Each structure stands twice: as C-alpha cells, then as structure tokens.
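Any value given below was found using the heavy atoms of this structure, including those in side chains, with hydrogens, waters and symmetry copies removed. None of these values were measured; they are calculated from a predicted model. First listed ligand is number 1; within each ligand, the first listed atom is number 1.
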Amino acid sequence: MTVRSRKPYIAGNWKMNLDRSRSLDLVKTVKGRIGDGNDREVAFFVPSIYLADVSAVAQGSPLGVGGQNVWFEDDGAFTGELAPRMLREVGADRVLVGHSERRHIFRETDEWMGRKVRAALDNDLLPIYCIGETISERQGNRTDRVLKKQLDAGFAAVKSDDAHRITVAYEPVWAIGTGETATFEQVDQAHATIRKWLANKLGEEAENIRILYGGSVKPDNARQLMALDSVDGLLVGGASLQAETFLPIIEYDA
Ligand code: PEP
C-alpha cells in the first residue's frame, strides 16, 4: 500500500458544462459525502458565473471551490477577463492555470502562465498549474522538453516558500476528453520528470507540491492511478459532472 506524505487531492473540472440547478445538486450531494476532509482534499472548478452560488452551498464543508481561469492584472481594460480578487470575492479559494483548452483553443501563451500563477498566489488563490504534451510532441520524443518548458514558464516567479500552496497537474493533451488514458508507465515517467524539476527549482520545499494526473480518469481507473506512488491526486473532467461517476473516484480506496 502507498504510504502518502501528501494529502490526496481529487479535483473536478466542469469546463463549460452543467447548469445552475444541476451544479448545486451535485455540490450538495458531494458535500454530504466527503466528511471532514482530513484524509483527502476535494474541489470543483466551476464556470465563474456559478461561483457565488456554488461557494454558498459548499460553505461549512471542506469542499474547495475554484475558477477555471484567471487574468493576472487587478483591474483595467481586459474585456471578458476576471481578476484574481474577483474570484475571491465570489468565494473561490483556488484556480486552474494553463489548462490545455486555454493553451490550445484560446492560444494562451507560456509567458502569461508565470504571471497568472504569481497573481493567484498573491491573492490567496491556490493554483493548479496544468501542463502536458500533445500527441505529436510525444511521438517526436519531446515530452520531457515540453514539460520542462511549461514548468519554467509557470514557476518563473515562484519561490520555495510558495511551494505548499501550488499543485501541478500533468494532463497529456491527447488523453483529455478522449477516453484514452496514459499508461501507468507514461504517468510515472512524466511525474518523475516533474518531481525532479521541482526539486531542482525549489529544493526540499518541493516535496510539498502535489502532482495530479488528469486525462480520461474514470471510476474504473482511479484506484490504479492513485496506487502509483508518483500520483498525489486526480484532475477529472467528464467524470466529475455526475455524482454517480465522481463519488467513486473520490472514494477510490473504498
Ligand atoms: C480535464 O478537463 O482536465 C480533463 C482531464 O478532462 P477529462 O477527464 O474529461 O479527460
């Protein structure tokens, strides 16, 4: 059995799915099942328009509530964007940075990543910094190089004493929403690359950083993924939209 030094973290990313009433029902159900949260951390990353309502329902429970994206300035002419302080104001305590859909569909640049991570930390939002290679990068043996470049960008302004507040999610782009999960060996290898890079950058404080796996996590592979020593948690998209599929993932060890 894995002896864990880091608290398991199971995060659901709803993307642009659900509606207000189904969101609140899901949060109520999950809230009623996660107990005191001492043995695992559970969070939902929700469409910003629902953050206030979802946070209100989650209140009084250990359930974390986060935004799916953030801009790094405090205010100004950035039509359509949200400042970190705005997410906090409506109850978010965390945020995703660099999700592959932001990078690939919305062309977010590496240069923004470090500023977003820094802005999140400076505003008391716990970032999950998402990284991962495309299929052509993997096939061209560039996975390690890509991961390190993304880490260089996201951690550009991170210091050792920030380490305990940051999470990294390894999400191979080709595994997101495709039903194709990375093999355990591929997950282990990528997580080892990330762990080594973090140790070089931040020293022993890097041991506090959790590395999640994301990419077609389902109830039937969650237990095996969580059994890998290198995996500290899971970032779940599609399967986080319904209690029937998300609860068995949260309770992967039941
Ligand atoms: C994600 O949204 O980060 C994700 C991993 O999605 P899915 O679980 O649907 O592949």
Side-chain angles (χ1 to χ4, degrees), residues 8-18 22-23 26-27 30 40-48 50-51 54 64-70 92 94-108 113 116-117 120 125-135 137-138 143 146-147 150-151 154 166-184 186-188 190-191 194 210-226 228 230-252:
Y9 186 0
I10 311 293
N13 171 20
W14 293 348
K15 314 192 189 200
M16 199 178 71
N17 291 302
L18 298 177
R22 284 193 296 156
S23 302
L26 178 53
V27 172
V30 170
R40 72 203 62 201
E41 186 167 342
V42 179
F44 281 124
F45 290 85
V46 319
S48 338
Y50 302 142
L51 272 172
V54 166
V65 177
Q68 298 174 2
N69 189 25
V70 69
R94 59 198 72 205
V95 68
L96 296 180
V97 174
H99 189 277
S100 85
E101 286 144 24
R102 298 302 318 170
R103 293 178 188 266
H104 295 285
I105 304 174
F106 298 100
R107 304 271 169 227
E108 294 208 1
M113 299 305 154
K116 286 178 177 231
V117 168
L125 289 168
L126 305 168
I128 295 186
Y129 180 52
C130 306
I131 60 175
E133 80 288 0
T134 63
I135 192 64
E137 288 163 343
R138 173 161 288 275
T143 299
V146 168
L147 296 181
Q150 291 171 335
L151 288 165
I166 304 188
T167 301
V168 174
Y170 169 60
E171 299 204 296
V173 179
W174 47 273
I176 299 180
T178 58
E180 193 181 344
T181 319
T183 65
F184 301 135
Q186 288 168 330
V187 175
D188 261 341
H191 283 219
I194 297 166
R210 288 173 291 188
I211 306 176
L212 316 186
Y213 168 76
S216 296
V217 174
K218 305 280 177 244
D220 56 11
N221 59 20
R223 175 190 278 268
Q224 284 167 295
L225 285 162
M226 287 303 290
L228 300 175
S230 66
V231 174
D232 302 312
L234 303 167
L235 179 53
V236 186
S240 73
L241 298 174
Q242 290 180 322
E244 300 79 76
T245 44
F246 197 46
L247 285 172
I249 296 175
I250 296 173
E251 296 164 358
Y252 63 88

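Taking Glu180 as the reference, nothing meets the salt bridge (charged side-chain N to carboxylate O under 4.0 Å, His left out) condition, with sequence neighbours excluded. Every residue two or more places apart in sequence or in another chain that forms a side-chain contact (heavy atoms from CB on, under 4.5 Å) with Ala182 is listed here: Pro172, Trp174, Gln186, Val187, Tyr213. Partners of Arg22 by salt bridge (charged side-chain N to carboxylate O under 4.0 Å, His left out), not counting sequence neighbours, listed by chain and number: Asp19.
A salt bridge links Glu41 to Arg94: one of the charged nitrogens lies within less than 4.0 Å of a carboxylate oxygen.
From Leu147, atom CG reaches atom CD1 of Ile131 across 4.5 Å, with rounding to the nearest 0.5 Å.
Between the side chain of Asn221 and the main chain of Ser216, a donor-acceptor pair closer than 3.5 Å is present.
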Any protein N/O atoms within less than 3.5 Å of an N/O atom in ligand 1? List the atom names and distances, or say none.
unit_1	atom_1	unit_2	atom_2	d
ligand 1	2 (O)	Asn13	ND2	3.1
ligand 1	2 (O)	Lys15	NZ	2.9
ligand 1	2 (O)	His99	NE2	3.2
ligand 1	3 (O)	His99	NE2	2.9
ligand 1	3 (O)	Glu171	OE1	3.1
ligand 1	3 (O)	Glu171	OE2	2.6
ligand 1	6 (O)	Lys15	NZ	3.4
ligand 1	6 (O)	Gly237	N	3.4
ligand 1	8 (O)	Gly237	N	2.8
ligand 1	9 (O)	Gly238	N	2.9
ligand 1	10 (O)	Gly177	N	2.6
ligand 1	10 (O)	Ser216	N	2.8

